Amino acid sequence: MSIKLGDTAPDFKADSSLGEINFYEFLGDSWGILFSHPADFTPVCTTELGFTSKLKSEFEKRDTKVIALSVDNVEDHKKWISDINETQNTDVQFPIIADHERKVSELYDFIHPNASATATVRSLLIIDPAKKVRLIITYPASTGRNFDEVLRVLDSLQLVDNYKVTTPANWKNGDEVIVPPAISTEDAKELYPKGVREVKPYLRFTPQPNI
């Protein structure tokens, strides 16, 4: 199957570096990030997992649980985690799914034959508390992921869900946000007490409402 934005993320059970995982139970009512790796002991992914580990407090602030996936087995995962901790000066505490039978990879369309017939591509999904897929990014094997961008999108999605706003290009937490076109300027002035800045009738900004 092919996962698209707005789809319900499939549930699954799988072994992991922290024992058996039931995906929905693991997520609970939190946001989730599921990201795949071609194989253990790969250099780019080693830096990614290490960096993700160092962002533990940032994900906790956003009520977000992180889980990784690789097609290798649990014992390899544990050895790899030891390497990650040593080389990246961290302590990986999130689970890595052992998907040696590629069941989860196929469920989430992480196998792209034109890239590799067997290894998973490097995809990342953000999943909301309703288990809906809200972001999909797939990177080439040669380029490490930008986790500042992952946090930025997570902030945007959580803001959009809690307030009637959208976010502009290169938006980051604290910047102005956009008034959606469906809201009239008259209504906007009531909805956004911090004020509305109109550039064009369809392009209106307001200060971020939650700060």
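Position 1 is the first residue of the sequence; numbering continues from there. We use all heavy atoms of the structure for the numbers below, so side chains are in, but hydrogens, waters and symmetry mates are not. This one's a predicted model, so the numbers in the text were calculated from it and none came from an experiment.
Phe23 has its side chain within reach of Ile127: a pair of non-hydrogen atoms, C-beta onward, lies under 4.5 Å apart. Side-chain contact between Asp161 and Gln158 is absent, with no heavy-atom pair separated by less than 4.5 Å. Counting only heavy atoms from C-beta outward, the side chains of Thr64 and Leu154 approach each other to under 4.5 Å. Taking the side chain as every heavy atom from C-beta outward, Phe110 and Asp99 never approach each other to under 4.5 Å. At least one side-chain heavy atom of Leu55 sits under 4.5 Å from a side-chain heavy atom of Leu151. Two residues are said to be in side-chain contact when any heavy atoms from C-beta on lie closer than 4.5 Å; Thr8 and Lys132 meet this criterion. Between Pro38 and Val71 the shortest side-chain heavy-atom distance does not fall below 4.5 Å.
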Exercise for review: Take Gln208 and Asp175 through the side-chain hydrogen bond (donor to acceptor under 3.5 Å, both in side chains) test and state the conclusion after the steps.
Suggested key: CA-CA 6 Å; Gln208 186 171 319; Asp175 290 349; over 6 Å; no
Exercise for review: Apply side chain to side chain contact (heavy atoms under 4.5 Å, CB included) to Ile33 and Leu124, showing your working.
Suggested key: CA-CA 7 Å; Ile33 290 177; Leu124 181 147; 3.9 Å; yes
Review point. For Leu69 and Phe35, what are the C-alpha separation, side-chain angles and deciding distance, and is it a side chain to side chain contact (heavy atoms under 4.5 Å, CB included)?
Key: CA-CA 6 Å; Leu69 175 148; Phe35 62 122; over 6 Å; no
**Study point:** Test log, rule side chain to side chain contact (heavy atoms under 4.5 Å, CB included), inputs Thr185 and Glu198
**Key:** CA-CA 8 Å; Thr185 299; Glu198 183 175 307; 3.2 Å; yes
Practice item. Any chance you could lay out the side-chain hydrogen bond (donor to acceptor under 3.5 Å, both in side chains) test for Ser123 and Thr138, step after step, and finish with the verdict? Key: CA-CA 4 Å; Ser123 290; Thr138 300; 2.8 Å; yes
Exercise for review: Test Ile136 against Leu5 for side chain to side chain contact (heavy atoms under 4.5 Å, CB included), laying out the working first.
Suggested key: CA-CA 7 Å; Ile136 303 170; Leu5 292 182; 4.0 Å; yes
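The 12-atom threshold is exceeded at NZ of Lys194, counting heavy atoms of other residues, nucleotides or ligands nearer than 6.0 Å. Annotation: Asn170, atom CG; neighbour count of heavy atoms from other residues, nucleotides and ligands within 6.0 Å does not exceed 12. The neighbour count for Lys189 NZ, taken as heavy atoms of other residues, nucleotides or ligands under 6.0 Å away, does not exceed 12.
If you take CG on Asn73 and NE2 on His100, they are separated by 7.0 Å, rounding to the nearest 0.5 Å. For the atom pair Arg152 CZ and Leu157 CG, the distance stands at 10.0 Å (nearest 0.5 Å). The distance from atom CG of Leu125 to atom CD1 of Ile67, rounded to the nearest 0.5 Å, is 12.5 Å. Here the CH2 atom belonging to Trp31 is positioned 10.0 Å from the CG atom belonging to Asp63, to the nearest 0.5 angstrom. Here Ile97 contributes atom CD1 and Lys13 contributes atom NZ; the two are 14.5 Å apart, rounded to the nearest 0.5 Å.
Pairs engaging residues 15-26 under the side chain to side chain donor-acceptor pair (under 3.5 Å) rule: none recorded [sequence neighbours left out].
Under a hydrophobic-cluster definition in which Ile, Leu, Val, Met, Phe, Trp and Tyr are linked whenever side-chain heavy atoms come within less than 4.5 Å, directly or via other members, Ile3 and Leu34 are assigned to the same cluster. Residues Val44 and Ile96 are members of separate hydrophobic clusters, defined by side-chain heavy-atom contacts under 4.5 angstrom among Ile, Leu, Val, Met, Phe, Trp and Tyr. Hydrophobic clustering (ILVMFWY, side-chain heavy atoms < 4.5 Å, transitive): Phe26 and Leu18 are in distinct clusters. Connection of Val150 to Val160 is not established within any shared hydrophobic cluster, with ILVMFWY side chains joined at heavy-atom distances below 4.5 Å, either directly or through further cluster members.
Partners of Thr206 according to the side-chain hydrogen bond (donor to acceptor under 3.5 Å, both in side chains) rule, which considers only residues two or more places apart in sequence or in another chain, do not exist here. Residues passing the ring-ring contact (aromatic ring centres under 6.0 Å, His included) test with Phe94: none are found, sequence neighbours excluded. Checked against side-chain hydrogen bond (donor to acceptor under 3.5 Å, both in side chains), Lys164 has no partners two or more places apart in sequence or in another chain. For Lys56, the salt bridge (Lys or Arg N to Asp or Glu O under 4.0 Å) partners two or more places apart in sequence, or in a different chain, are Glu60. The side-chain contact (heavy atoms from CB on, under 4.5 Å) test applied to Glu101 returns Lys103, not counting sequence neighbours. Residues passing the salt bridge (Lys or Arg N to Asp or Glu O under 4.0 Å) test with Asp11: none are found, sequence neighbours excluded. A search for salt bridge (Lys or Arg N to Asp or Glu O under 4.0 Å) contacts involving Asp148 returns nothing, not counting sequence neighbours. Take Asp155 and apply the salt bridge (Lys or Arg N to Asp or Glu O under 4.0 Å) test, not counting sequence neighbours, and it matches Arg62.
Pairing each heavy atom of Phe12 with each of Val104, the nearest pair is CD1-CG2, 3.8 Å. The nearest pair of heavy atoms linking Lys54 to Asn89 is CE-O, 3.7 Å. Residues His37 and Leu49 share a closest heavy-atom pair of NE2-CD2, 3.5 Å. Shortest non-hydrogen contact noted between Arg122 and Gly144 is NH2-CA, 3.6 Å. Contact detail for Ser30 and Lys65: the closest heavy-atom pair is OG-CE, 3.7 Å. Residues Gly32 and Leu27 share a closest heavy-atom pair of CA-CD2, 3.6 Å.
Using a 3.5 Å distance cut-off with no hydrogens or angles, the side chains of His77 and Asp40 do pair a donor with an acceptor.
Summarising the hydrophobic clusters (Ile, Leu, Val, Met, Phe, Trp, Tyr; side-chain heavy atoms under 4.5 Å, direct or chained), the residues clustered with Tyr192 are Leu159, Tyr163, Val165, Trp171, Val177, Val179, Ile183, Leu191, Val196. In the hydrophobic clustering (ILVMFWY side chains linked at under 4.5 Å, chained through shared members), Val199 is joined by Ile178, Tyr202, Leu203, Phe205.
A donor-acceptor pair under 3.5 Å is formed between the side chain of Thr42 and the backbone N or O of Ala39. Arg204 places a side-chain N or O within 3.5 Å of a backbone atom of Pro180 that can act as its donor or acceptor partner.
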Review item, side-chain donor-acceptor pairs of residues 78-85, under 3.5 Å, at least two apart:
unit_1, atom_1, unit_2, atom_2, d
Trp80, NE1, Thr46, OG1, 2.9
Asn85, OD1, Val92, N, 2.8
Asn85, ND2, Ile81, O, 3.4

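Looking at Glu48 and Arg145, a side-chain N of the basic residue comes within less than 4.0 Å of a carboxylate O on the acidic one, giving a salt bridge.
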